[in-house]
There are 2 protein chains.
Amino acid sequence: MSASITTLQQLLFDLAGVLPADTAPLFAMTRQRKLEANETYIREGDTERRLAFIEQGIMRAYIIKHNGDEATLFLRWEKQFIASHDTIIHRKPSRFIYRALEPVSLMEIDYDVLEEVLKTHPEYEPLRNFFLMRMLSESLNIMEAFVTLSPEERYRNLLTERFDLVNRVPDKYIASMLGITPVSLSRIRKRMLDKGKG
Amino acid sequence: MSASITTLQQLLFDLAGVLPADTAPLFAMTRQRKLEANETYIREGDTERRLAFIEQGIMRAYIIKHNGDEATLFLRWEKQFIASHDTIIHRKPSRFIYRALEPVSLMEIDYDVLEEVLKTHPEYEPLRNFFLMRMLSESLNIMEAFVTLSPEERYRNLLTERFDLVNRVPDKYIASMLGITPVSLSRIRKRMLDKGKG
DNA sequence: GGATGAAATTAACCTTTGTTAATACACGAA
DNA sequence: TTCGTGTATTAACAAAGGTTAATTTCATCC
């Protein structure tokens with residue numbers, strides 16, 4: 001029994017009182033999947049409606065801008081959901097690329113299959129709600145940071161709230177998530193060090 | 001019969017095949033509500049879990065920053081949902097203020113009541129999903145704009161995609177949504193005009 | 001351990017934004 | 001019409017970010 005199934009069974013019990021023994025129809029449709037570091041999980045143009053729960057490792061969602069540069073939209077790590085939102089929400093080919101930054105193990109389900117399961121087992125519905133709300137909450141937090149904080153403040157925020165994460169991920173991806181260039185992030189770090197010395 | 005009820009009944013039929021005649025248990029729990037221009041709908045600290053569908057008018061969600069300034073998170077207008085996410089997602093007092101920019105009419109339901117209705121009428125569940133996905137989609141679009149576009153490009157985007165909106169709303173709120181100051185937005189507009197002449 | 005390549009830092013220069021304050025403009029109330 | 005208030009513009013200066021390129025650091029692979 002994988003650790004992530006146990007986690008999700010517990011979640012389903014907490015949310016809806018569904019007993020672990022009654023979750024077989026759901027977990028029968030999930031697959032375990034391993035990714036190597038730097039392996040691409042979803043490519044630009046893919047249409048599979050993948051929804052995954054990350055058991056181990058960090059993933060990065062990014063897009064290729066018109067000028068060819070990459071822009072990182074977000075990172076996701078252990079015990080978080082990751083999904084190709086273009087395909088799931090809009091049924092369009094993914095404009096984003098989802099790639100493992102470290103060796104990753106995840107549990108995935110196809111969203112079409114999940115919808116079928118939910119038709120016959122509406123008792124799992126709270127789980128879908130939970131993951132949508134979680135994603136919405138995270139997105140709103142990020143939006144909030146963009147309208148209320150300067151780049152330096154957003155970086156400080158990230159350091160206090162996700163120090164472990166910042167240390168596991170190359171700075172250039174952090175910079176991109178913050179909406180700035182790596183050069184600028186480097187200067188921010190320097191300014192922070194200089195202030196610290198006083 | 002209010003126009004927004006008809007709209008939502010149609011939506012529920014398209015999403016889940018629920019006939020308008022079978023939606024009474026849901027719409028019995030909704031209230032029509034009118035707001036004057038500048039009237040506050042949700043105050044900082046409010047705990048009511050309000051979810052509303054805007055029939056007419058524009059609403060603004062904003063937060064008071066530590067320095068006392070306001071930051072506008074988003075605007076919502078006709079045929080959109082607006083909800084106090086701190087209260088609904090986290091069951092915490094709202095840190096955001098929701099206020100009418102114009103005379104507004106909306107249809108509201110308390111999220112706790114909605115959850116009760118959904119327990120006995122799971123056939124309405126697709127509607128909740130729809131509104132969560134809509135909000136998630138909009139949030140992700142905004143995030144995407146912040147990591148891929150410059151302030152000027154974000155403003156151009158807004159002009160092409162929501163020209164009507166920009167013209168109905170004071171620039172200072174637009175600027176705040178874009179993550180910049182009104183002064184800076186004014187300069188962007190001037191630069192755009194100058195280029196146009198060039 | 002040395003070579004290799006990617007990432008981070010630094011520098012120089014230019015552009016943009018933030019800040020503050022003064023001014024111009026628009027609109028509604030008296 | 002005029003006054004008052006809030007909004008937008010402009011100006012001047014400081015601070016920060018973008019760009020490009022050179023340099024340093026670091027991890028990794030042979």
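Computation of the quantities below employed the complete heavy-atom set of this structure, encompassing side-chain atoms and omitting hydrogens, waters and symmetry-equivalent molecules. Every chain is numbered from 1 and lettered A, B, ... according to where its sequence line falls, protein lines coming before strand lines.
Although no hydrogens or angles enter the test, the distance criterion places a donor-acceptor pair under 3.5 Å between the side chain of Thr181(B) and the main chain of Ser184(B). Panel note: side chain Arg154(B), backbone Leu178(B); a donor-acceptor pair is recorded below 3.5 Å.
Between Gln10(A) and Asp14(A), the side chains place a donor N or O and an acceptor N or O closer than 3.5 Å (distance only, hydrogens not considered).
With rounding to whole Å, Tyr155(A) atom OH is found 12 Å from dA8(C) atom C1'. Distance CG (Leu178(A)) to C1' (dG18(D)): 16 Å, rounded to an integer number of Å. Remark: C1' of dT7(D) and CZ of Arg168(B) are 19 Å apart, rounded to the nearest angstrom. Summarising the geometry, the separation between NZ on Lys65(A) and C1' on dT19(D) is reported as 12 Å, rounded to the nearest angstrom. Here dT28(D) presents its C1' atom at 17 Å from CD of Glu102(A), a figure rounded to the nearest Å. Distance, Leu149(B) CG to dT16(C) P: 16 Å, rounded to whole Å. Between Glu153(A) atom CD and dG18(C) atom P the separation is 12 Å, expressed in whole Å. One atom, CD1 of Ile180(A), and another, P of dA15(D), lie 19 Å apart when rounded to the nearest Å.
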Short heteroatom pairs, N/O only, protein and nucleotides 8-12 of chain D, under 3.5 Å:
unit_1, atom_1, unit_2, atom_2, d
dA8(D), OP1, Asp171(B), N, 2.5
dA8(D), OP2, Lys172(B), N, 3.2
dT9(D), OP2, Ser186(B), OG, 3.1
dT9(D), O5', Ser186(B), OG, 3.2
dA12(D), N6, Arg187(B), NH1, 3.3

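A salt bridge links Arg60(A) and Glu70(A); the closest N-O separation between the charged side-chain nitrogens and carboxylate oxygens is under 4.0 Å. One finds no salt bridge joining Glu55(B) and Lys34(B) here, because no Lys/Arg side-chain nitrogen approaches an Asp/Glu carboxylate oxygen to under 4.0 Å. Arg191(B) and Glu152(B) are joined by a salt bridge, as a carboxylate oxygen and a charged side-chain nitrogen come within less than 4.0 angstrom of each other.
Within the 4.0 Å cut-off from OP1 or OP2 of dG17(D), at least one side-chain nitrogen or oxygen of Arg191(A) is found. Residue Ser184(B) places at least one side-chain N or O under 4.0 Å from the OP1 or OP2 atom of dG18(C).
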